[in-house]
Amino acid sequence: MKKVIVFDLDETLTETRSLISDEMTILLEELLKKYQICVISGGSFEQFQKQFITILKIDNNQLQSLHLMPTCGTRYYRYKPTMKDWEQVYAENFKPTEKHTIVKALNEGIDEVGYRIQNPKGPLIEDRGSQITYSALGQDALPTQKKVWDPTGEKKRKIRDAVALKIPEYEVRAGGTTSIDVTKQGIDKAYGMKKLMEILNVTKEEILFIGDRLWEGGNDYPVKLMGIDAIPVGGFEHTPWVVRGILAVSE
């Protein structure tokens, strides 16, 4: 029996770096009445707040069933009623010297493969504390722009490979549509799921994961590889259908 439903964020729960839809908000609120819900993504906590947390209209008791794992689970937030706010339970942040090494490798790798664009939409490299993220078109590029820049993923793979050779002591992964994420070694969404299992005292058989990149090489694939049941979606537009099915079965 499933006790926990886990969602990827971009292109699963919402469109990339966009607000959650009214339809998905209502469905998520219904799910929270029956399950523990976790959202895990390479994005920052601030991005979680912007895309869906502040939009939810649920009481404090239900918020306690929502678990937030930004930066692939290197940070964990849970709602604390006494604070009436989200509490950071842990954060596995980089040291300043580590950040310098990673940013230097990213800049060198981007220039080596020749994919540095002119006039990016926002910062190319973002310090998320426990993760450093490179966005090829800039952090604020529109989802439509991101989808056409690298439809096959070849550009992103070349950048990832070039950077990974420079900093083998770190985990370098192709993240979202145009992003490269750098974390400490061994950090991926499977790591986040293992932390969640410890926190909630559940087994992997009690978790259901929903994501858009469950294929081999996708950033959701490590969850599938560890044996957690997973439902792939073709994009955020398909997720409401999946959730309706879960709610219908649980009635």
Determine whether R75 and Q131 satisfy the following criterion, side chain to side chain donor-acceptor pair (under 3.5 Å), listing intermediate values before the conclusion.
CA-CA 10 Å; R75 294 183 173 214; Q131 177 177 293; over 6 Å; no
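Partners of N60 under the side chain to side chain contact (heavy atoms under 4.5 Å, CB included) rule, at least two apart in sequence or in another chain, are L63, Y79. For R78, there are no side-chain hydrogen bond (donor to acceptor under 3.5 Å, both in side chains) partners, not counting sequence neighbours. For E29, the side chain to side chain contact (heavy atoms under 4.5 Å, CB included) partners are T25, L56, K57, I58, not counting sequence neighbours. With sequence neighbours left out, Y115 forms a ring pair (Phe, Tyr, Trp, His ring centres under 6.0 Å) with no residue at all. By the side-chain hydrogen bond (donor to acceptor under 3.5 Å, both in side chains) test, T203 pairs with E205, E206, sequence neighbours left out. Applying the side-chain hydrogen bond (donor to acceptor under 3.5 Å, both in side chains) rule to Y191 yields the partners E92; only residues at least two apart in sequence or on another chain are considered. Under the side-chain hydrogen bond (donor to acceptor under 3.5 Å, both in side chains) criterion, T74 pairs with T71, S130, sequence neighbours left out. For R128, the salt bridge (Lys or Arg N to Asp or Glu O under 4.0 Å) partners at least two apart in sequence or on another chain are E126.
Scanning all heavy atoms of the two residues, the minimum distance from A162 to V113 falls at CB-CG1, 4.0 Å. Counting all heavy atoms, side chain and backbone alike, P168 lies closest to Q185 at O-NE2, 2.8 Å.
Between E30 and V243 the shortest side-chain heavy-atom distance does not fall below 4.5 Å. Residues S44 and P70 are not in side-chain contact: their nearest non-hydrogen atoms beyond the backbone lie 4.5 Å or more apart. Within the 4.5 Å cutoff, the side chain of K2 has heavy atoms near those of the D229 side chain. Between D8 and K189, the closest side-chain pair of non-hydrogen atoms falls below 4.5 Å. Residues I40 and M193 have side chains in contact (heavy-atom distance under 4.5 Å, counting atoms from C-beta outward). Looking at heavy atoms from C-beta onward, K3 lies out of side-chain contact with Q36 at the 4.5 angstrom threshold.
Under the 4.5 Å side-chain heavy-atom criterion for grouping Ile, Leu, Val, Met, Phe, Trp and Tyr, I37 is connected to F48 within one hydrophobic cluster. Grouping the Ile, Leu, Val, Met, Phe, Trp and Tyr side chains by contacts below 4.5 angstrom, directly or via other members, places L28 with W86. With hydrophobic clusters built from ILVMFWY side chains whose heavy atoms lie under 4.5 angstrom apart, V39 shares a cluster with I55. Hydrophobic clustering (ILVMFWY, side-chain heavy atoms < 4.5 Å, transitive): L200 and I210 are in distinct clusters.
Other residues, nucleotides and ligands contribute at most 12 non-hydrogen atoms within 6.0 Å of the NZ atom of K224. Other residues, nucleotides and ligands place no more than 12 heavy atoms under 6.0 Å from the NZ atom of K50. Summarising the local packing, CD of E216 is surrounded by 12 or fewer heavy atoms from other residues, nucleotides or ligands at distances under 6.0 Å. Counting non-hydrogen atoms of other residues, nucleotides and ligands closer than 6.0 Å to CG of D85 gives a total above 12.
With side-chain heavy atoms closer than 4.5 Å counting as contact, directly or through intermediates, M83 stands alone and belongs to no larger hydrophobic cluster.
Put simply, the side chain of D181 never gets that close to the backbone of G42: no donor and acceptor are under 3.5 Å apart. The main-chain N or O of G235 is never found under 3.5 Å from a side-chain atom of E11 such that the two would form a donor-acceptor pair.
Sorted by first then second residue, the ring-ring contact (aromatic ring centres under 6.0 Å, His included) pairs that include residues 207-237, not counting sequence neighbours, number zero. Listed by first and then second residue, the salt bridge (charged side-chain N to carboxylate O under 4.0 Å, His left out) pairs involving residues 99-123 are K99-D127, K104-E108, E108-K166, D111-R116, E112-K166 (not counting sequence neighbours). Sorted by first and then second residue, the pairs that involve residues 139-187 and meet ring-ring contact (aromatic ring centres under 6.0 Å, His included), not counting sequence neighbours, are F94-Y170.
For K158 and E154, the salt-bridge test passes: some basic side-chain N is under 4.0 Å from an acidic carboxylate O.
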